[in-house]
2 protein chains.
Amino acid sequence: MKGKRVTIYDLATALGISASYVSRALNDHPSISDKMKSLVKAKAAELNYKHNSHAANLRRGSSRTIGVIVPKINENFFAQAIAGIEEVCAANDHSLIICQSDESFKKEQIAVETLISKNVDCILISVSLETKTSGHLQEILQHHIRLVQFDRYLRDIESFIVTNDNRRSAYDATWHLINQGYQRIAFFGGPDHIAIFKDRKEGFLDAMREARLPVPYDFVVENALSKEAGARIASQLLELKEPPQAVFAASDYGALGAMQASRLRNIKMPGELGLIGFANEEFTELIQPALSTVDQKSKELGRCAANVYFTKLLDKKITEKPSVQIIDSEIIIRESSSVAIQQNMTHS
Amino acid sequence: MKGKRVTIYDLATALGISASYVSRALNDHPSISDKMKSLVKAKAAELNYKHNSHAANLRRGSSRTIGVIVPKINENFFAQAIAGIEEVCAANDHSLIICQSDESFKKEQIAVETLISKNVDCILISVSLETKTSGHLQEILQHHIRLVQFDRYLRDIESFIVTNDNRRSAYDATWHLINQGYQRIAFFGGPDHIAIFKDRKEGFLDAMREARLPVPYDFVVENALSKEAGARIASQLLELKEPPQAVFAASDYGALGAMQASRLRNIKMPGELGLIGFANEEFTELIQPALSTVDQKSKELGRCAANVYFTKLLDKKITEKPSVQIIDSEIIIRESSSVAIQQNMTHS
DNA sequence: CTGAAAGCGCTTACAG
DNA sequence: CTGAAAGCGCTTACAG
C-alpha cells in the first residue's frame, strides 16, 4: 500500500557516496565539510527524504523522546506545565509524547507501559489522584528510563522532584484569611497519599495552630478537589449552626463549588464567607467575585522539570542523588477573600 | 549505560521455543493455542519483557500510531476533541502523539515533519490561524500518511473533513440575537482563509440579509478571536455614535473581551448589549452574565475524526472519495443574550 | 502448528 | 576524510 520510502541508500546512490557518509552529513557530524553537508541536505530535500526515527532509535537505543503523563491536559495548570516542558524539549531537539491519565490509576499504568515500549529516554509524571503505589514507577527505573516527578509526587520512590513549597503556600494562604479577620476556617483538600495535598493540609494546620484558632474535626475535608465535591461539602458545612467563615481550598475547582453553593444560599462573599483556591486556573479571574488563589508558576515548573533531565540526567552515568527542587509560588488576592478590595470595587 | 533489554530471543531461550513463536504468541496470532499464549505471556511478565515498538514499526512499516496537531491543547474545545480522539484510539489499540502548533504556521510545519519521521499512520489536524497554504499537508499525503482535517480546515487539499455546519450555526446564533430585538449587530470573526471563519461570517450575513438589517462596514471584523482583540475592537465600536446593540463573536474569547470592554463602560448586558460567542469554553457558564454560545460537541467531533481513519482509511487501498462530515452543534442561550432569562434571574 | 531466515532503515565502531 | 559491515528487535512470508 505504501510507496517505497526514500532511504539514505537512495541518497547515497544519487550522490555517488556511501550511506554512512550520508548519515553523518545529515546528522551534522564534525568530520563532514559544510559544503558536503549542504549538498547532501539539498539532495534529501529534492528527493523528499524523511528521516525514519524508528530505525534510528532502534539502532541508537535511545529515542530522543520524552514522555509526559499528566492527569488532565485541559486543566490550565497542566496545560501550562506542558507548554514549559515543550519549550525546553524543542530547544534541546527532543520530541514529546503527551499522555493523560484522566485521574485514573489504571490509565496511568497503561501510559507507563506505552511509554516504555516507545523507548522514551525520560518520563515526567504528575500522578493521578488514585495513585497510591509506585510499582509502575519502579518499573520505569528498571527499564533504565529516567524519571522526574513534578507537582503531584509519591514519596516512596527515588526520583528527582520539582514542585512548589505547598506547605508554605498553604500556610501563607491561611494566614491571609486569618489576617482578613476570618476565624472559623475550613480546609478543602485532597487525598493524603499524595504529598502535595498532605503538605497543603499541614500548612493550613500550622497557620491555624499558630493563630490559636480552633479547627473542628469536620472542617478538614480530604476529598473536595472537584467542583461537585466542593459544592456538596460546602452545602453541608453551611448548614451547621456554626458554619465556616472562610474556606481554603487546595484546588480552584473545589473553591468554585464552594462559591456556587454559597451563592445558592445568598451568602455574601467575601463579607460572610471568604474563599481562596489553589492553582490560578483561567476561570478564577473571570468569575465574580474573582477568586483568590495561589499561582504555582506552572509553566516555569514544567520548564524546570524538563531541565532536570537535560542538565542532570542526560548522558550521565552516575547520577547525583535525586533532589527536590522548589518553584516559588505566589498568592494572588482577589475579591473572594478580601474585604478591602471588595469595598474598593463597590465604590468605584 | 542502559542494561541489556529483554528481547523475544531471551523469552524463546527461556521457554525452549523459537522467537517467531514467541512473537506470534505475544501478538495473539490465531495459530497459537490459548495455553501457549498464556505461558509465553507469563514468562514475559516474569522476565519483565517489554515490547519494542520501534523495532516492530520498522519491520511492519506502520506504527499503529496517530498524530494529532491542534493550535492549543489548553482551549477546552481542543482538549475535548483530543479526549474524543484518545477514546477511539484506545479502543482500536492505537497510540496517540499530540502536537501543539500554538497558532504558529512554523510550529505546525515542524510538527508535521516530526510526525512524518515518526511514521504515524494518520494525522488529524486542526490548522493554526496563520496557516494559509497546504504544502505541508500535501507532503503528508506524499508520504502515504492518511490525513483528516477537523474543525479548522483548508479547502485546497483532498482530505476527509469533520466539522460543524458553521454557516448554519452562525445563522441561527444571529437570528437568536435578532429575535431578542437587537438590530445593530456586529460580527467578531477570524481570518477568511480558514473555512470555518468564512462560513461563520457568511452565516451571520445570511441572517442579517434575511432580516433586512443593515450591516455597517466596520461591524464585520476579521481578526477578533482573542480576548485582547475582542476588547480592543469592542472598545472602538462602543465609542461610535451608533454603537452595536449586540455582538456575535466567532470565538468565546473574543466575546469575553467584548464583555470586559462593555463592563468598563458600565454598559448593561444583555439590556444595552447582547452577546453570543462560539465554542462553549469552560468559562462561559461561570462568568457573569453567563455567556451564550454555540456548543460544537467537540468530544463527539474528535471521536468522529478518529473514526474516519479507522472505518474509512485503515487497511483500505483504494480510498473512497474524501467527504465532509458534519457534527451537529447546539445553540446555548444564557443571560448575555437573553432579556427573558435575565429578568427571571433578577426576580428569583 | 513450528522454525529459520530475511530484512525494515538507520548509526557507529572499525578499518583504511 | 570515507566506506563496508554489523546489528538494533522485531515480524512475516516461506517452508516443513
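Chain A is the first sequence line, chain B the second, and so forth, proteins listed ahead of strands; every chain is numbered from 1. No hydrogens, no waters, no symmetry mates; every other heavy atom, side chains included, goes into these values.
- Salt bridge B:Glu130/B:Lys106: absent, no basic N to carboxylate O contact under 4.0 Å.
- A salt bridge links B:Arg152 with B:Glu103: at least one charged nitrogen is closer than 4.0 Å to a carboxylate oxygen.
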Take B:Ser128 and B:Lys107, measure what side-chain hydrogen bond (donor to acceptor under 3.5 Å, both in side chains) needs, and give me the verdict at the end.
CA-CA 9 Å; B:Ser128 86; B:Lys107 280 198 184 179; over 6 Å; no
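- Rounded to whole angstrom, the span from the CG atom of A:Asn57 across to the P atom of C:dT12 amounts to 12 Å.
- For CD of A:Glu158, the number of neighbouring non-hydrogen atoms (other residues, nucleotides, ligands) closer than 6.0 Å is 12 at most.
- The nearest pair of heavy atoms linking B:Ala44 to B:Leu26 is CB-CD1, 4.5 Å.
- Under 3.5 Å, the side chains of B:Lys72 and B:Ser101 contain no donor-acceptor pair of N or O atoms.
- Residues from residues 32-47 of chain A lying near DNA chain D, meaning a heavy-atom separation below 4.0 Å, are absent.
- Ring planes of A:His54 and B:His54: tilted class, angle from 30 to 60°.
- A straight line from CG of B:Asp28 to P of D:dT11 spans 12 Å, rounded to a whole angstrom.
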Do nucleotides 3-9 of chain D as a string where each nucleotide becomes B, S or -: B if the base has a protein heavy atom under 4.0 Å, S if just the sugar-phosphate does, - if no protein is that close.
BBBBBBB
What dot-bracket string describes DNA chain C from 5' to 3', counting Watson-Crick and G-U wobble pairs whose defining distances are under 3.5 Å, with [ ] for crossing pairs and | for pairs to another strand?
|||.||||||||.|||
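- As rounded to whole Å, 15 Å separates atom C1' of C:dC10 from atom NZ of B:Lys118.
- Salt-bridge formation is not detected for the pair A:Asp93/A:Arg64: no Lys NZ or Arg NE/NH1/NH2 atom is positioned less than 4.0 Å from an Asp or Glu carboxylate oxygen.
- Between A:Ile125 and A:Phe150, every side-chain heavy-atom pair lies at or beyond the 4.5 Å cut-off.
- Taking side-chain N and O atoms only, A:Ser23 has a distance below 4.0 Å to OP1 or OP2 of C:dT11.
- With a 6.0 Å radius and a threshold of 12 heavy atoms from other residues, nucleotides or ligands, B:Glu113 has its CD atom above the threshold.
- Taking atom C1' on both D:dT12 and D:dG16, the two are 16 Å apart, rounded to the nearest angstrom.
- With 3.5 Å as the limit, one finds a donor-acceptor pair spanning the side chains of B:Arg5 and A:Asn119.
- Residue A:Asn27 is in sugar-phosphate contact alone, with no base atom involved, counting any heavy-atom pair closer than 4.0 Å across all strands shown.
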